[in-house]
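The structure under discussion is supplied below as structure tokens; questions concerning it will follow.
Every value quoted in this text rests on a predicted model; they were computed, and no experiment measured them.
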Number of protein chains: 2
Amino acid sequence: MNLFERTGKIALGSRLRLLSSRMTDDATKIYRMYELELSPNWFPVLFILSQDGAKTITEIAEEIGHSQPSVTKIVKEMTKSALIAKHPYAQDKRRNMVALTEKGMAAAQHIIDVQCKDVDAAVDALLAQANHNLWEALAEWEFLLDQKSLFHRVNEQRKLRESQKVKIVEYSPEYKEAFKNLNEEWISKYFIMEKEDYKALDHPQEYILEPGGKIKVALYDNEPVGVCALIKMKDPEYDFELAKMGVSPKAQGKSIGYLLGKSVLEEAKKLGAKKLYLESNTVLKPAISLYQKLGFQKVAHRPTPYSRSNIQMALVIED
Amino acid sequence: MNLFERTGKIALGSRLRLLSSRMTDDATKIYRMYELELSPNWFPVLFILSQDGAKTITEIAEEIGHSQPSVTKIVKEMTKSALIAKHPYAQDKRRNMVALTEKGMAAAQHIIDVQCKDVDAAVDALLAQANHNLWEALAEWEFLLDQKSLFHRVNEQRKLRESQKVKIVEYSPEYKEAFKNLNEEWISKYFIMEKEDYKALDHPQEYILEPGGKIKVALYDNEPVGVCALIKMKDPEYDFELAKMGVSPKAQGKSIGYLLGKSVLEEAKKLGAKKLYLESNTVLKPAISLYQKLGFQKVAHRPTPYSRSNIQMALVIED
DNA sequence: TATATTTGCATAACTAGTTATATAAATATT
DNA sequence: AATATTTATATAACTAGTTATGCAAATATA
């Protein structure tokens, strides 16, 4: 069986490279057949100059999707072959206006009138023989990858898979140590532990659960890797505070924060909460964006026992 | 507008290269994300060794479609990373059996079990979003190009286009010189001019046309570039001999010989001929294959006035 | 107006492959 | 058995691009 059928889609890059090198090799032969003394890789530059007239090297590079040094090199070669001439640009001495010479124009005209037509016809005949249109498929991929890169897409898949291995469970005393450690880790990394922290982390039973709050624990391979608390508030406006969310840096990239948040939100809904509150600090950018993703929005400042808090957010729970 | 839409299919190679380099760049990032210390271009070697066990460098190169030096290089790098070990092969000291180490096996297993799955899922999702299936299209192109290369296909188109500029016309005295020159050119290149040649080439009117034969001339840009004669035979078996076919080397690659042959065959049919004959020499390989393409088949030797003739062919004209 | 930043281009060093060629071992031929 | 050819691998030189970096000119900013 074909290598690519065996490896699967992961070899798509290789497969494209192989086909493209095959085409490039044939291109060399094709150019030789038409007896124009030019190298196939000059074509994009030749074409763009024949259509758009004089251009700077940087403009050409942008237009044809090459790097600037690549165009510099091609222009140098084409200048040597007298297809191109450089014209200094009075208004801006850094720029070199690059334009086709008479010979260059003639070559471009010939290649466009004759060679392109033959190649077009040959490729069209090939496309007609195939069930799946390669040309259109390439255009679609360019478009889709512009919107979201392959890296981005693979990363999403990875997260999805990893997050399926994460289990969110109810707090029980066996997680007491994890609850403290996972929070202490980030708090002492960015700030310092405060009195209020010790109260809640050392005595979750008394300070969180008994007053009517909840704690959720994220397990990965049965190890606790994330925690999040829902703390009952004595406030006419808010029912609960989302707090003490900590995720192990070792377990990042598995959407654990999101899964914990979602689970806590569900819990709040079950408990009949109407509005949730949280406090954070703007240096914790990933946390803030997670809160936004969960639906929290910034609210005006209100008194807080934590000195690290410089942003407050709220979420209205919908039915 | 997109460059590729402007240039047309001639830039297919460029388009493939650009997409493949985009994929390769992302592949580097993807490999980094999975924190396996391996380079994406090692993958085909890693994969094939994990599936097929030990192999020589040349075997791997063949399997994955790379050149042997490319595999030598990859194997060297992978050996340095302790993924691969070389085992001398007792029966043949030139060979190096290359196999994965424990570490290599583990890396392969991980990449196949985890990374490939994520990439597969991401690519499948992409393919599902597109109307034209890139993966299938690539497979089809590989198959179609195996059958006939792009160069071959473009050459066919060029010939087709060029041959449309060729006009086949009836002989008239203005072409007398061309008739002689075009034949003398090839005869004196491969053989020497014989008495019979001078008779026919110096006096086409008397020796060919008046006895009931025909001469056709191929014009390109209104210049005679090819000639072919149909000579009446005094033979119970054959009606005409196809002879004195000459095409200018400058006008090759335009299917002129074929067009002349077809035209002469049509003429013979009009004249009620049942069977045609020709004599040639096996050194003239393109001519022999042209005659075969026209339908002529080799027949047993019969007396001939030409010393250069070492093959005889015949064609039965169908109604 | 002096200074900092940005821009356009050239150059160097790198990448991932290629073809051409050298060398030694194995195999075929005389 | 000696010699010629083929095969397996290594190495060198090339290709067509890339990124990184430096320099000078132009533009923005203090």
Donor-acceptor pair under 3.5 Å, Arg94(B) side chain vs dT9(D) base: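 By the distance-only test, no, there is no pair.
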As a test of reading the structure: which of dA20(D), dT9(D), dA26(D) is closest to the side chain of Pro69(A), going by heavy atoms? dA20(D)
Glu77(B) near the nucleic acid: base, sugar-phosphate alone, or nothing, with a heavy-atom cut-off under 4.0 Å?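 The residue Glu77(B) makes no contact with any strand.
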Considering just the side-chain nitrogens and oxygens of Thr72(B), establish if one lies under 4.0 Å of OP1 or OP2 belonging to dA10(D). yes
Tell me: CD of Gln68(A) to C1' of dT6(C), nearest whole Å? 14 Å
Whole angstrom value for the distance that separates P of dT19(C) from NZ of Lys73(B): 14 Å
When you measure from the side-chain N and O atoms of Lys93(B) to the phosphate of dT9(D), is any distance below 4.0 Å, counting only OP1 and OP2?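 Answer no for this pair, as no side-chain N or O of Lys93(B) is under 4.0 Å from OP1 or OP2.
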Rounded to whole Å, please give me the gap between CG in Asp92(B) and P in dT27(C).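 Those two atoms, CG and P, are 6 Å apart.
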So, Asn131(B) versus Glu136(A): side-chain donor-acceptor pair below 3.5 Å or not?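 Their side chains do not contain a donor-acceptor pair, so the 3.5 Å distance test is not met.
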Separation of Arg95(B) atom CZ from dT23(C) atom C1', in whole Å? 17 Å
Looking at Glu35(A), I want to see if its CD is surrounded by more than 12 non-hydrogen atoms of other residues, nucleotides or ligands under 6.0 Å.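 Counting neighbours around CD of Glu35(A), 12 or fewer heavy atoms of other residues, nucleotides or ligands fall under 6.0 Å, so no.
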Taking the side chain of Ser67(B) as its heavy atoms from C-beta onward, which of dT19(C), dA10(C), dA10(D) lies nearest to it?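 Closest nucleotide to the Ser67(B) side chain: dT19(C).
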If I take atom CZ in residue Phe43(B) and atom P in nucleotide dA16(C), what distance separates them, rounded to the nearest angstrom?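 Result: 16 Å.
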When the distance from CG of Asn41(A) to C1' of dA16(D) is rounded to whole Å, what number comes out?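 Checked: the CG to C1' distance equals 7 Å.
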With heavy atoms under 4.0 Å as the rule, sort Ser70(B) into base, sugar-phosphate or nothing. base
OP1 or OP2 of dT7(D) less than 4.0 angstrom from a side-chain nitrogen or oxygen of Thr58(B), does that happen here? no
What does Asn96(A) touch in the nucleic acid at a heavy-atom separation under 4.0 angstrom: a base, only the sugar-phosphate, or nothing? sugar-phosphate
Atom-to-atom span, CZ of Arg17(B) to P of dT15(D) - whole angstrom: 16 Å
Tell me whether the side-chain N/O atoms of Lys86(A) come closer than 4.0 Å to OP1 or OP2 in dA10(C).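 For dA10(C), OP1 or OP2 has a side-chain N or O of Lys86(A) closer than 4.0 Å.
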Cation-pi geometry met for Arg15(A) and Trp135(B) (6.0 Å, 45°): yes
With DNA chain D as reference, determine whether Ser14(B) or Tyr89(A) sits nearer its 5' end, using the nearest nucleotide of each.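 Its nearest nucleotide lies further toward 5', so the answer is Ser14(B).
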salt_bridge(Arg153(B), Asp124(A)) N-O dist < 4.0 Å: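 Here Arg153(B) does not pair with Asp124(A) in a salt bridge, since their nearest N and O are not under 4.0 Å apart.
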Atom CD of Gln91(A) and atom C1' of dG8(C): how far apart are they, to the nearest Å?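 Atom CD in Gln91(A) sits about 15 Å away from atom C1' in dG8(C).
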Within the structure provided, determine whether Asn310(B) and Val283(B) are in side-chain contact (heavy-atom separation under 4.5 Å). no
